[in-house]
Amino acid sequence: MHISNKCSIAVHCLIFINEFGSERKVTSELLSMSTGCNPVTIRNIISALKKDGIIDVKSGTGGAALSASLEEIDLYRICMAVDPKAIDNMMGVHSNPSAFCPIGRKIKPVLSRTYSKIQGDLIESMKKINMEQILREYRSQKDRQ
């Protein structure tokens with residue numbers, strides 16, 4: 001299973017915005033340096049987070065700030081904001097099973113139900129993890145250095 005790295009990049013950006021946004025103007029260039037990602041990728045992620053109401057970006061001068069509480073920002077919300085098809089694309093059934101094979105004729109509905117259950121469980125798990133918890137983990141790691 002694989003979830004797009006856009007979600008991880010978005011979480012990285014949100015931590016950065018939360019930790020440093022009050023001290024300095026957080027721009028896509030600054031986030032690009034922190035994440036090691038192309039500034040265009042960062043701008044697309046920032047745009048998606050803004051559209052979802054997770055962050056606010058000042059017009060003209062730039063600079064991002066959280067516009068939702070840490071408790072309201074869960075992993076599922078972040079993931080859907082930056083990559084709406086991530087969960088659906090995570091698991092797929094091969095597209096051309098043989099119609100002449102008894103297994104090939106039934107494999108799509110069998111796996112579709114199974115994968116749907118796994119995706120539902122994943123979504124519920126992602127909804128239980130919010131940015132407040134992630135920031136606590138970040139800070140505990142930071143304190144260990």
Side-chain angles (χ1 to χ4, degrees), residues 1-97 103-145:
M1 292 194 313
H2 178 265
I3 293 180
S4 165
N5 65 358
K6 288 180 184 178
C7 185
S8 296
I9 297 165
V11 169
H12 182 133
C13 291
L14 292 170
I15 292 171
F16 194 101
I17 291 166
N18 187 76
E19 296 297 286
F20 300 108
S22 62
E23 300 171 15
R24 62 175 60 135
K25 182 169 59 171
V26 179
T27 64
S28 58
E29 289 77 20
L30 187 58
L31 291 170
S32 175
M33 288 189 291
S34 177
T35 61
C37 294
N38 184 303
V40 173
T41 300
I42 297 300
R43 282 191 283 277
N44 289 336
I45 288 171
I46 293 301
S47 176
L49 294 172
K50 180 181 177 190
K51 183 177 178 183
D52 189 84
I54 295 172
I55 63 169
D56 187 38
V57 179
K58 295 176 188 165
S59 301
T61 61
L66 296 179
S67 60
S69 73
L70 296 173
E71 299 84 18
E72 293 175 311
I73 308 170
D74 61 52
L75 277 179
Y76 182 70
R77 181 176 177 185
I78 296 165
C79 187
M80 290 298 97
V82 298
D83 192 357
K85 295 191 181 286
I87 304 295
D88 291 337
N89 291 338
M90 195 176 73
M91 302 174 104
V93 180
H94 51 296
S95 58
N96 295 315
I103 296 167
R105 285 193 300 269
K106 305 286 185 194
I107 197 68
K108 280 188 178 186
V110 168
L111 289 179
S112 292
R113 280 192 291 279
T114 300
Y115 291 170
S116 179
K117 165 108 176 68
I118 292 168
Q119 289 172 338
D121 292 346
L122 175 63
I123 290 167
E124 286 308 308
S125 293
M126 291 174 78
K127 287 180 176 180
K128 291 177 183 174
I129 302 169
N130 63 37
M131 283 303 298
E132 181 179 37
Q133 295 162 302
I134 293 170
L135 274 162
R136 250 194 323 264
E137 178 63 23
Y138 161 75
R139 289 175 179 153
S140 76
Q141 291 295 317
K142 184 177 92 172
D143 293 341
R144 291 182 192 163
Q145 296 176 355

Where the side chain of Glu124 meets the backbone of Asp121, is there a donor-acceptor pair that is under 3.5 Å apart? no

Minimum heavy-atom separation for Ala10 and Val82, please, with both atom names. CB-CG1, 3.9 Å

Straight-line distance of Leu75 CG to Leu122 CG, nearest 0.5 Å: 9.5 Å

Could you tell me if Glu137 and Gln141 have a donor-acceptor pair between their side chains, going purely by distance under 3.5 Å? yes

Could you check whether any side-chain N or O of Arg77 sits under 3.5 Å from a backbone N or O of Asp52, counting only pairs where one atom can act as donor and the other as acceptor? yes

Would you mind reporting whether Lys128 and Tyr76 have side-chain heavy atoms less than 4.5 Å apart? no

So, taking the atom named OG in Ser22 and the one named CD1 in Ile17, what distance separates them when rounded to the nearest 0.5 Å? 12.0 Å

Val11 versus Met131: any side-chain heavy-atom pair under 4.5 Å? yes

How close do Val26 and Leu30 get, heavy atom to heavy atom, and via which atoms? CA-CD2, 4.2 Å

Could you check whether any side-chain N or O of Asn5 sits under 3.5 Å from a backbone N or O of Ser8, counting only pairs where one atom can act as donor and the other as acceptor? no

Could you tabulate the donor-acceptor pairs under 3.5 Å formed by side-chain atoms of residues 40-50, not counting sequence neighbours?
from	atom 1	to	atom 2	distance (Å)
Arg43	NH1	Ser28	OG	3.2
Arg43	NH1	Glu29	OE2	3.4
Asn44	ND2	Val40	O	3.4

Just verifying a value: how many Å separate Met90 CE and Tyr115 OH, rounded to the nearest 0.5 Å? 10.0 Å

Taking every heavy atom of Pro84 against every heavy atom of Ala81, the minimum-distance pair comes out as CD-O, 4.4 Å

If you measure from CG on Leu66 to CD1 on Ile73, what distance do you get to the nearest 0.5 Å? 5.0 Å

If we ignore hydrogens and angles and just use 3.5 Å, is the side chain of Thr35 paired with the main-chain N or O of Ile9 as donor and acceptor? no

With rounding to the nearest 0.5 Å, note down the distance linking CE in Met91 to OG in Ser112. 11.0 Å

Main chain of Gly63, side chain of Thr27: is a donor-acceptor contact present, judged purely on distance under 3.5 Å? no

For Leu14, does its backbone N or O pair with a side-chain atom of Asn18 as donor and acceptor, under 3.5 Å? no

Give me the atom names and distance for the closest heavy-atom approach of Asp74 to Met126. CB-O, 3.8 Å

Which atom of Ile87 lies closest to which atom of Gln119, heavy atoms considered: O-NE2, 2.9 Å

Hey, could you give me each pair passing ring pair (Phe, Tyr, Trp, His ring centres under 6.0 Å) that has a residue in residues 19-39? Not counting sequence neighbours. Phe16-Phe20

Step by step, would you call Lys25 with Lys58 a side-chain contact (heavy atoms from CB on, under 4.5 Å)? CA-CA 10 Å; Lys25 182 169 59 171; Lys58 295 176 188 165; over 6 Å; no

If you take all heavy atoms of Cys7 and Cys79, which pair is closest and at what distance? SG-CB, 3.9 Å

Could you state the interatomic distance from NE2 (His94) to NZ (Lys108), rounded to the nearest 0.5 Å? 8.5 Å

